[in-house]
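Heads up, the thing below is written out as structure tokens.
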Amino acid sequence: MQTGRPEALAENYYLANFHRLADFVVDTYRDILTPAERQWYDSLQASTESAQQLYIRLLSRKGSVFRLSRISYPEIESLDSAASELATRGLAETLPPDNLQILLSAFTKPELSALLIPGGKWPRSRVELIDELLAANAGEQARFSTILQQADEWITLYGHQHWSVFRLGYFGNLYQDSTEFVLQELGTVIYENYALDAPARPFATRSQLNAHLRYFECEALLDTISLKEVRPLLALVAQLPVMIAGDDHLLRRVDRLRNRIARQLERLGCQDDALELYAVSVHPPARERRVRLHLGRGELDHAGRLLSLMREAPFNDAEDQVADRLQQQYRKAAGLPAIKQVRFKPQTTALTLSESSDRVEYAARAFYGRLGDCYYTENALVNAVLGLFIWDIIYFPIAGAFFNPFQSAPADFYQPSFSARRANLLMTRFEELESESRFTDRVFEAYERHQGKSNPLVRWDQISLALLSHSLERIPVSHWRAMFQRILSDTRDNTSGFPDLILFREEAGYEFIEVKGPGDVLQKNQLRWMQYFDSHGIPCRVVNIRWAQDVIGKAGQ
DNA sequence: GGTATTTTTG
DNA sequence: TTCACACTGTCCA
DNA sequence: GACAGTGTGTCTCAAAAATACCAT
Ligand SMILES: [Mn+2]
Ligand SMILES: [Mn+2]
């Protein structure tokens, strides 16, 4: 819809993008770049255009070792001279690599068999072939290496680590890169045009930047190391960055990593190591895991103390909820009488449908579609309406919220402080909920004006004008206010857990419907929303689907 | 040979 | 930089 | 049936090109 036809990009677009990013970093981080980093970019800028083209093309490809014969860019006239210039400037190496594994990975499977085992038979897969070649004796390996080295000309790119620093300094993360420029140019992704007046930057000090860099290195490492062994996991823990005072973002990122590693240590039976690591993490589910471990080991006093802390000051609703359940387990283990508590039970009905191959949600929607208009929206609807309602507040240029043009959300959107830091704006905006027309006008206007722009709450492909109209017409403003408040109280946790369907019957009103197929149960976050719905008079029920008994007929076939 | 998956591209 | 569901096994009334 | 744990399909921009795999 929004994605216009692919327009041609300017010549050398990737060069321009690279320099836009790099210039920003050099300007903005003048005080904390290392001499090596400065030198790296100076060398590039001093290079001829061809050399820069080659360097930047290869920088964005996988790996750092390439065979010249496989590089082909029409805009680079002389590959050889570009390559040797890069080598001269210390930006690359044109000698062939020594490492056999690296050499092997630069060839395709047919190439490898032709070069190294002519006429012979080779294992089924490329990976097996490579494993076999690497298992050969030293003499053979040396022979392989020589053959491969001489089979082509080579270039090994230097400076990836500097490029990582530049990208991190620019984006504040390492999962975005210069393709963002391209996507924006093509109109594939549209970011809000928020104010970027004061030249802001994601990191204030070198140690802060280094800490985030280390975090991303550790995260990448976790995907590489063996998860079956304890040693590499503990080694990884030792590599985790030290915290920077006041950097909640870093704390959350690293805690998530700690929790993942600790969970894996649990699986490997290293409970003591896991407990120790969880104890450092302030983010859920660290305390939950500790309680479970202590309960499992019969360490009731430990479990009890932690539970009290969790109940006194739960990190969020989810931790509060899980503490309730753990409390029961604890009392049972301690021989205390169970606390009689009324578990919330959502209103539930049953529905029998003839079995279909489609998802059960689609089958249910088709059924309820006969009673009125029924949409399968899950989290998309309420989040989107909120996103449209407070669109300009989300992108209000609070200090430190925006530092590059490629953010779909302010940097603190998922921080607990998001609402507090915008409390006045939000309070004023919420006054518009006093009037249904002011509210709906605001939502429709944002829908028209911001169509297609990336927003953390709005999935454009999941909301239609018809859905919005129906919803704004049928759902009372008091219900919207209640739901908005809960979302804003915890943007990370409460943007999910909404029921599958929303039904607008022919007559009037509306109803949320959570569809549950056989064997599916309410998720914890769904239960929390339903409890909230219940206390705010928001209509919602669970429908358990059963398939009609054509099973007998099927069994006969 | 055809199809599935990965890599590169703009 | 995910979310919800499917499936398994355990525990227990 | 409640519950915990784990795995899966779904999203990541879309389409072309390159490569790997598998089956006759
Ligand atoms: Mn669902
Ligand atoms: Mn459901």
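Note that the coordinates shown come from a computational prediction; the quantities given were computed from them, not determined experimentally.
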Show your reasoning for whether ring pair (Phe, Tyr, Trp, His ring centres under 6.0 Å) applies to A/W163 and A/F166. CA-CA 5 Å; A/W163 180 228; A/F166 274 54; 7.0 Å; no
Pick base, sugar-phosphate or nothing for A/R256, based on heavy-atom distances below 4.0 Å to the nucleic acid. sugar-phosphate
Give me the distance, rounded to whole Å, that separates B/dT8 from D/dT6 when you measure between the C1' atoms they each carry. 35 Å
Under 4.0 Å between a side-chain N or O of A/R126 and OP1 or OP2 of D/dC21? no
Residues touching DNA chain C, which here means a heavy atom under 4.0 Å, drawn from residues 284-294 of chain A: none
Can a side chain N or O of A/Y14 be found less than 4.0 Å away from OP1 or OP2 on B/dT9? no
Which part of the nucleic acid, if any, lies within contact of A/E266, taking any heavy atom under 4.0 Å across all strands shown: a base, the sugar-phosphate backbone alone, or nothing? nothing
Distance between C1' atoms of C/dT1 and D/dA15 (Å, rounded): 23 Å
Pair A/R292-A/E288, salt bridge (charged side-chain N to carboxylate O under 4.0 Å, His left out): steps then yes or no: CA-CA 6 Å; A/R292 288 192 194 282; A/E288 173 192 346; 3.0 Å; yes
How would you list, by chain and number, every residue that makes a side chain to side chain donor-acceptor pair (under 3.5 Å) with A/N17, sequence neighbours excluded? none
Parallel, tilted or perpendicular: which one describes the rings of A/F533 and A/F512, with boundaries at 30° and 60°? parallel
Pairs: protein N or O with nucleotides 4-7 of chain B N or O, under 3.5 Å:
| residue | atom | partner | partner atom | Å |
| --- | --- | --- | --- | --- |
| B/dT7 | OP1 | A/K62 | NZ | 2.4 |

Main chain of A/A380, side chain of A/T377: is a donor-acceptor contact present, judged purely on distance under 3.5 Å? no
Rounded distance in Å - CD (A/Q523) to C1' (D/dG7): 14 Å
Among residues 331-349 of chain A, which contact DNA chain D at a heavy-atom distance under 4.0 Å? A/R343, A/K345
Scan nucleotides 22-24 of chain D against the protein and return all N/O pairs shorter than 3.5 Å with their distances rounded to 0.1 Å.
none

A/H160: partners by ring pair (Phe, Tyr, Trp, His ring centres under 6.0 Å), with sequence neighbours left out: none
Is it the case that A/Q176 and A/N173 place a side-chain donor and acceptor less than 3.5 Å from each other? yes
When the P atoms of D/dT10 and B/dA4 are considered, how many whole Å apart are they? 15 Å
Roughly, in whole Å, what's the span from CG in A/L58 to P in B/dT9? 9 Å
Answer with base, sugar-phosphate or nothing: what part of the nucleic acid does A/F181 contact at a heavy-atom distance below 4.0 Å? nothing
Donor + acceptor pair across side chains of A/S281, A/N259 (<3.5 Å): yes
Please test A/Q264 against A/R267 for side chain to side chain donor-acceptor pair (under 3.5 Å), starting from the C-alpha separation and ending with a verdict. CA-CA 5 Å; A/Q264 189 58 29; A/R267 293 192 185 96; 2.8 Å; yes
Separation of A/W460 atom CH2 from D/dC13 atom P, in whole Å? 17 Å
List the residues meeting side chain to side chain donor-acceptor pair (under 3.5 Å) with A/R459, not counting sequence neighbours, and say none if there are none. none
Need one value for A/N173: base, sugar-phosphate or nothing, where a base atom within 4.0 Å counts as base even if backbone is also close, heavy atoms only. nothing
Mate of D/dA17 where both pairing distances stay under 3.5 Å, Watson-Crick or G-U: B/dT6
Got a donor-acceptor contact below 3.5 angstrom from the A/D412 side chain to the A/Q415 backbone? no
Qualifying residues under ring pair (Phe, Tyr, Trp, His ring centres under 6.0 Å), relative to A/F203, sequence neighbours excluded: A/H212
Would A/D177 and A/T179 count as a side chain to side chain donor-acceptor pair (under 3.5 Å) here? Give the steps. CA-CA 5 Å; A/D177 56 34; A/T179 65; 2.8 Å; yes
Taking the same atom, P, in B/dT5 and in D/dG9, what whole-Å distance lies between them? 11 Å
Contacts of A/V521 and A/H249 projected onto DNA chain C by closest heavy atom; the upstream (5') one is A/H249
Between A/G519 and A/S408, the residue closer to the 5' end of DNA chain C by nearest nucleotide is A/S408
Apply the ring-ring contact (aromatic ring centres under 6.0 Å, His included) test between A/Y376 and each candidate in A/Y368, A/F367, A/Y362; give the one that qualifies. A/Y362
With sequence neighbours left out, the residues meeting side chain to side chain donor-acceptor pair (under 3.5 Å) with A/R297 are A/Q271, A/D272, A/E299
Between CD1 of A/I190 and C1' of D/dC13 the distance, given in whole Å, is 12 Å
In residues 104-112 of chain A, what residues come within less than 4.0 Å of DNA chain C, judged by heavy atoms? none
Send over the distance from A/Q176 CD to D/dT12 C1', rounded to a whole Å. 12 Å
Find the distance A/F406:CZ to D/dC13:P and express it as a whole number of Å. 14 Å
d(CD, A/E180; P, D/dA14) in whole Å: 14 Å
With sequence neighbours left out, write down each residue that passes side chain to side chain donor-acceptor pair (under 3.5 Å) with A/S357, or none if nothing qualifies. none
Check the angle between the aromatic planes of A/Y170 and A/F24 and answer parallel, tilted or perpendicular using the 30° and 60° thresholds. perpendicular
We want to know whether A/T349 and A/R541 form a side-chain donor-acceptor pair, criterion being a heavy-atom distance below 3.5 angstrom. yes
Just checking A/G497: base, sugar-phosphate only, or nothing, at a heavy-atom cut-off of under 4.0 Å? sugar-phosphate
Could you work out the separation of B/dT6 and D/dT8 based on their P atoms and round it to a whole Å? 15 Å
First and last nucleotide of DNA chain C in contact with chain A, 5' to 3', at under 4.0 Å to a heavy atom: what are they? C/dT1 to C/dC12
Answer yes or no: is there a side-chain heavy-atom contact under 4.5 Å between A/S408 and A/F413? no
Whole-Å distance, A/L227 CG to D/dT6 C1', equals 14 Å
Of the non-hydrogen atoms in A/I394 and A/P410, which two are nearest, and what is the gap between them? O-CG, 3.3 Å
Tell which nucleotide pairs with D/dG7, taking only Watson-Crick or G-U wobble pairs whose two distances are both under 3.5 angstrom. C/dC5
Should the pair A/R67 and A/F107 be classed as cation-pi, given the thresholds of under 6.0 Å to the six-membered ring centre and 45° from the axis? yes
